[in-house]
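Heads up, the thing below is written out as structure tokens.
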Amino acid sequence: SQQGEEDPQALSIQEGENATMNCSYKTSINNLQWYRQNSGRGLVHLILIRSNEREKHSGRLRVTLDTSKKSSSLLITASRAADTASYFCATDAWSSGSARQLTFGSGTQLTVLP
Amino acid sequence: ETGVTQTPRHLVMGMTNKKSLKCEQHLGHNAMYWYKQSAKKPLELMFVYNFKEQTENNSVPSRFSPECPNSSHLFLHLHTLQPEDSALYLCASRMAGGNYEQYFGPGTRLTVT
């Protein structure tokens, strides 16, 4: 089963509102990352939070991490139509054996209505 | 622009064709990845190269054959594909030993007819 799972699968809000997306995972991690993907394009790294951090900010983005609950949230404040995209969480963890891998969830499709 | 380019951006091929996808990174990274992204499914890691050596092959069918001639270039050779192989193929790179954040190319949209 996949490591990271986002919730909700889809989110539609009005411009100016805040958007919150959640991610749950199963194993111990080195860090957790959030990526954004515009339709049919590659992923763009947004923000990384280490396993010993609880909260991190970058511009209009706020990420929290609760390692006891194995969950993270991404908050986008004052959303804009240009924020419309899919957002993925990715967990950096050691896979079976000695390989370190980044495992992605299925994503949250965010639509910001003008 | 993330510094990772992929060509072609779109590819339509028949099941008996042979084609190759190309990825090039201009970031000085030393690890490169191929991912497959199908509709409504998580990204699937296919292959990993560290310092030009393949370190991961996630049970990918042999009709997909990767090649990494140097740390800046990565190819995915395709032959006798199936319609279910239609997907967006993404290349990514990173600097080994860093925070493990990856930089992605724009992808190749592959359609197998």
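Computed over heavy atoms, backbone and side chain alike; hydrogens, waters and symmetry mates excluded. Computed from a predicted model, the values in this text were never measured in an experiment. A, B, ... follow the sequence lines: proteins, then strands. Residue 1 opens every chain.
Rounding to the nearest 0.5 Å places CD of B:Q37 at 6.5 Å from CG of A:L43. The distance from the CG atom of B:L45 to the CG atom of A:L102 is 9.0 Å, given to the nearest 0.5 Å. Here the CZ-OH distance, from B:F104 to A:Y35, works out to 5.5 Å after rounding to the nearest 0.5 Å.
No continuous path of hydrophobic side-chain contacts links B:Y100 to B:M46 [ILVMFWY only; heavy atoms under 4.5 Å]. Under a hydrophobic clustering in which Ile, Leu, Val, Met, Phe, Trp and Tyr are joined whenever their side-chain heavy atoms come within less than 4.5 Å, directly or via other members, B:L81 and B:L11 fall into the same cluster. Following chains of ILVMFWY side-chain contacts shorter than 4.5 Å, one cannot reach B:Y33 starting from B:F75, and the two form parts of different hydrophobic clusters. No chain of hydrophobic side-chain contacts below 4.5 Å, direct or via other Ile, Leu, Val, Met, Phe, Trp or Tyr residues, connects B:M95 to B:V48. Grouping the Ile, Leu, Val, Met, Phe, Trp and Tyr side chains by contacts below 4.5 angstrom, directly or via other members, places A:I49 apart from A:V44.
Contact annotation for B:Y35: only side-chain heavy atoms (C-beta onward) come within less than 4.5 Å of a heavy atom of chain A. Proximity to chain B is limited to the side chain of A:Q37, based on heavy atoms less than 4.5 angstrom apart. Only the side chain of B:R9 has a heavy atom closer than 4.5 Å to any heavy atom of chain A.
Residue B:P42 comes nearest to A:S106 through the heavy atom pair CG-OG, 3.4 Å, listed as atom of the first residue, atom of the second, then distance. What you find for A:H45 and B:Q102 is that their closest heavy atoms are CB-O, 4.1 Å.
Heavy atoms from other residues, nucleotides or ligands lying under 6.0 Å from OH of B:Y89 number more than 12.
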